[in-house]
Chemist: 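Please see the structure below; I have some questions.
Both backbone and side-chain heavy atoms feed into the values below; hydrogens, waters and symmetry mates do not. For ligands, and for the atoms within them, numbers begin at 1 and follow the listed sequence. What you are looking at is a predicted structure, and each value in this text was computed from that prediction instead of being measured.
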Amino acid sequence: MSASAAPEQLDALIVGAGFSGLYQLYRLRQRGFKVKIYEAAPALGGVWYWNCYPGARCDTYGPLYQFSIEEVWKDWDFDELYPSWEKIRQYFEHADHKLKLSQDIRYNTRVNNARFDEASCRWQVETENGHSASAQFLVLCTGIGSKPHTPDIAGLDTFGGRCLHTARWPQEGVDLKGQRIGVLGTGATGVQVIQEAGPVAAHITVFQRTPNMALPMRQRQLDEAGKRALKVDIKDKYAKRARTRAGYDFDYLDYAGPTCAGMSDAEIRARWESHWQEGGFVPWLGNFPEIYVDERINLMAYEFWRDKVRQRITDPLMAEKLAPTQAPHPYGVKRISLEQRFYEVFNQPNVTLVDLNETPLVRVTHAGVETVGGRVHELDLLVLATGFDMVTGGLTAMNITSADGITLRQQWQHGVSAYMGTMTHGFPNMLFVYGPQAPSGLSNGPSCSELQGDEIVGLLAWMRERGMRRIESSAEADSAWRKRIDDFAAGTLFGRAQSWYMANSIPGKTAQMINYPIGMPDYLEQWREVKAADYRGFDLR
Ligand code: NA7
C-alpha cells in the first residue's frame, strides 16, 4: 500500500477485522454509513490469522462460533465439533465471499496514531504504512487477545535455539518432529500446543506455574448427518445467546438448575457426573451458580475435577503437579480450557514437567532454560505460550489521544472505567466492541461481538437520525459502571485467582475485574434502560 496524500474521509473507521470488526462493517454499511476497516494483518480473521500454532483450535463448538447471519451460516459447516484454526480461516473466507467484506478492508494497515480534533469533531488517524484517515467515529475492534505478552526473562535473547511466541507463529508452520521442545505456560494455548507436540517431539519440557483445570473437549468428527443435526433449531440457538450468562446456547438453568440449595452432596455429584460425560464447557458454564460464590461448593467442584483427572495420570507425583490435592485457586474463576489428550501426554516417557513454584526459572541460556539449582533444560525450540495483555492491550498499544492530549494508556493507567463497556470519558466518538467492561472475556466471542455490536450500530444510527455529531460518556457514568462491576466481583470468588479476568496476570497492570461479570442478559438489560432514557450517561450533541 502506498502512502496517500489526502486523508480518507469516513463516517466510521473500524480497527480490526476479526468477528467484532467485520460485524460492525457489515451492519454499519447496511445503515448507509461510509465505513472501512483498517487491519494490521494481510487477511481477515483477527486472532485466527496470528494464532496458527500447532493444535490451535476453538474452545466453542462450531455452530456458536459463527456469525448468526443466515446468508453466511446456511451453507457453511465445520467438519469437527470444535474447529481448527485452518478451518476457521476458511470460514472467514466464506463469510468474506458472502458479505463482500474485503472490498472495505485495508489490509497490512496497522493504526499507529489517532487524535480527536474537537473543531471538526472527527478522529485523525495515521497508520504505520503512511496512510491517513479522517473519521467521525472511531470504532475499535481489536479483540481481547491481540497484544502478545512476552515475560521479561533474563537471557531470552541469548537462546541458541528458536524461540517463538504462539501468537506470532510463522505462517509457513514449524516442524515439531524430533525436536526438544520447551513450552512456557499452560493456559488454553499451552494445553493445545503440548497435546499436539507430545506425540511427535523428541522431548517436551513443560514449565508450569499454575495448573490448568482443563475439561474434556469431547471432540468429534462430523459426517453429513452430524452437520445437519447441528443446524436444527440454529435460529433458536442464536436467539438464546442473549438469554444466557456467557452468550452460549446453554446455561446453568439447562444443566444444573437455578441453585443446588436443598440437594445432598451425592445428588450434586451425580449431576456433575452427567456434566462430565457431556464435556465441553458444560461442567463450567452449565454448573450451579453457587460455584462462583460458595467456597464449599466450589471446593467440592474442584475435588470432583481433580479426582477425574488424576485417574488419567499414571505417576502419582505427576498427578499431584497437574491436579494438586489442594486447589491452587477456586474452580472456574480462571479461564478453563478444553483438552483432548493433554493429561495422557504426561504419561509419555519423553515429557518432563517443571513446577516453576518449586524450581523457579532463573534465566534462559544459549542451551535452554535454567531453573533454580543450576539445572539447564536443553532445548531446540522454546515456545512462549505466555498469553496476552488481555482485553486492554490491543487498545492501549495504539497511540490514541484525546482532544486534551491525554493518551488512552494514561487514561487507564490506574485501571479502566468505561461506560457500558463501550466508551470512556474524554474520548468522544470513540467506541469499542468486545473490549473492557463488556461481557467480552466472560462471553462467547461472536455472541458479544454481535449483541454489543448491534447496540453500537443502533446508537450511531439513532444519532444520525437526530442530526447529532458528538457523543461522550460522562465521567460519572464511567465511574458508576466500574463500581457496578467491582461491587459484583467483590461478592464472588474471582478475586481469589490471578487471572486475565482480574487483569492481574500481567506485571504492573491494575488489578480489577476487566469484563462485565453479571452476565449477558443483565448487560443487555442495562442497554435497554439506557436507551429508554435517551442514552442516559452519554453526553450527546
Ligand atoms: P493465558 O491464559 O494468559 O496463559 C498464559 C500462560 O503463561 C499461563 O499458564 C501463565 O501462568 C503463563 N505465564 C505467563 N507469564 C509467565 C511467566 N513469567 N513465567 C511462567 N509462566 C508464565 O494465555 P493463553 O494464550 O493460553 O490464552 C489466552 C486466551 O486466549 C484464553 O484464555 C482464551 O480466551 C483464548 P499463570 O497461569 O499466570 O500462572
Side-chain angles (χ1 to χ4, degrees), residues 18-19 46-48 50-53 55-60 65 82 85 88 143-156 164-169 182-195 205-215 246-247 281 284-285 321-322 324 328-329 332-339 342 353-364 369-372 377 382-394 434 439-448 497-509 511 514-515:
F19 271 109
V47 290
W48 298 105
W50 301 102
N51 290 270
C52 57
Y53 58 84
R57 141 179 342 273
C58 182
D59 277 350
T60 290
Y65 205 71
Y82 292 89
W85 68 268
I88 298 173
I144 59 174
S146 55
K147 178 82 189 340
H149 167 61
T150 298
D152 190 12
I153 300 172
L156 200 54
L164 295 171
H165 193 290
T166 47
R168 290 294 176 268
W169 203 259
V183 181
L184 181 61
T186 51
T189 302
V191 165
Q192 293 182 341
V193 173
I194 291 161
Q195 68 188 7
T205 309
V206 175
F207 299 93
Q208 172 188 277
R209 195 165 64 180
T210 310
N212 192 321
M213 295 177 196
L215 294 170
F281 281 151
W284 182 28
L285 305 177
K321 296 288 175 214
L322 290 163
H329 56 76
V333 298
K334 185 164 170 147
R335 168 64 151 76
I336 282 184
S337 307
L338 299 187
E339 57 81 30
F342 178 65
L353 178 66
V354 177
D355 178 349
L356 292 177
N357 301 307
E358 214 172 73
T359 50
L361 198 159
V362 175
R363 65 177 75 87
V364 172
V369 171
E370 183 184 329
T371 47
V372 160
H377 301 269
L382 175 57
V383 178
L384 300 177
T386 46
F388 303 84
D389 179 354
M390 287 292 279
V391 188
T392 50
Y434 190 54
S440 309
L442 292 173
S443 154
N444 177 32
S447 305
C448 183
Q498 262 206 338
S499 74
W500 62 259
Y501 291 160
M502 292 302 297
N504 57 5
S505 58
I506 299 287
K509 209 167 164 174
I514 198 94
N515 306 284

Chemist: Kindly write out the residues that satisfy side chain to side chain contact (heavy atoms under 4.5 Å, CB included) with N212, not counting sequence neighbours, or none if the list is empty.
Modeler: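 Once residues adjacent in sequence are excluded, the partners of N212 under the side chain to side chain contact (heavy atoms under 4.5 Å, CB included) criterion are V191, A214, S337.
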
Chemist: Using a 4.0 Å cut-off on heavy atoms, what residues surround ligand 1? Order them by chain and number.
Modeler: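 Lining ligand 1 at under 4.0 Å, by heavy atoms, one finds P151, L184, G185, T186, G187, A188, T189, R209, T210, K334, R335, L356, A385, T386, G387, F388, M390, W500.
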
Chemist: Please list, one pair per line, the donor and acceptor atoms closer than 3.5 Å that link side chains of residues 499-506 to other protein atoms, with sequence neighbours excluded.
Modeler:
unit_1, atom_1, unit_2, atom_2, d
S499, OG, Y501, N, 3.2
S499, OG, M502, N, 3.3
N504, OD1, S499, N, 2.8

Chemist: Under the rule for salt bridge (charged side-chain N to carboxylate O under 4.0 Å, His left out), what residues qualify as partners of R57, not counting sequence neighbours?
Modeler: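 Checked R57 against salt bridge (charged side-chain N to carboxylate O under 4.0 Å, His left out); matches are E80.
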
Chemist: Side chain to side chain contact (heavy atoms under 4.5 Å, CB included) with N515: which of C448, S440, P439?
Modeler: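 The residue from C448, S440, P439 that satisfies side chain to side chain contact (heavy atoms under 4.5 Å, CB included) with N515 turns out to be S440.
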
Chemist: Establish, yes or no, whether a centroid distance under 6.0 Å links the rings of Y82 and Y65.
Modeler: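 Centroid separation for Y82 and Y65: 6.0 Å or greater.
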
Chemist: Identify which one of T150, V206, L361 satisfies the side chain to side chain contact (heavy atoms under 4.5 Å, CB included) criterion when paired with L184.
Modeler: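 Answer to the side chain to side chain contact (heavy atoms under 4.5 Å, CB included) test with L184 among T150, V206, L361: L361.
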
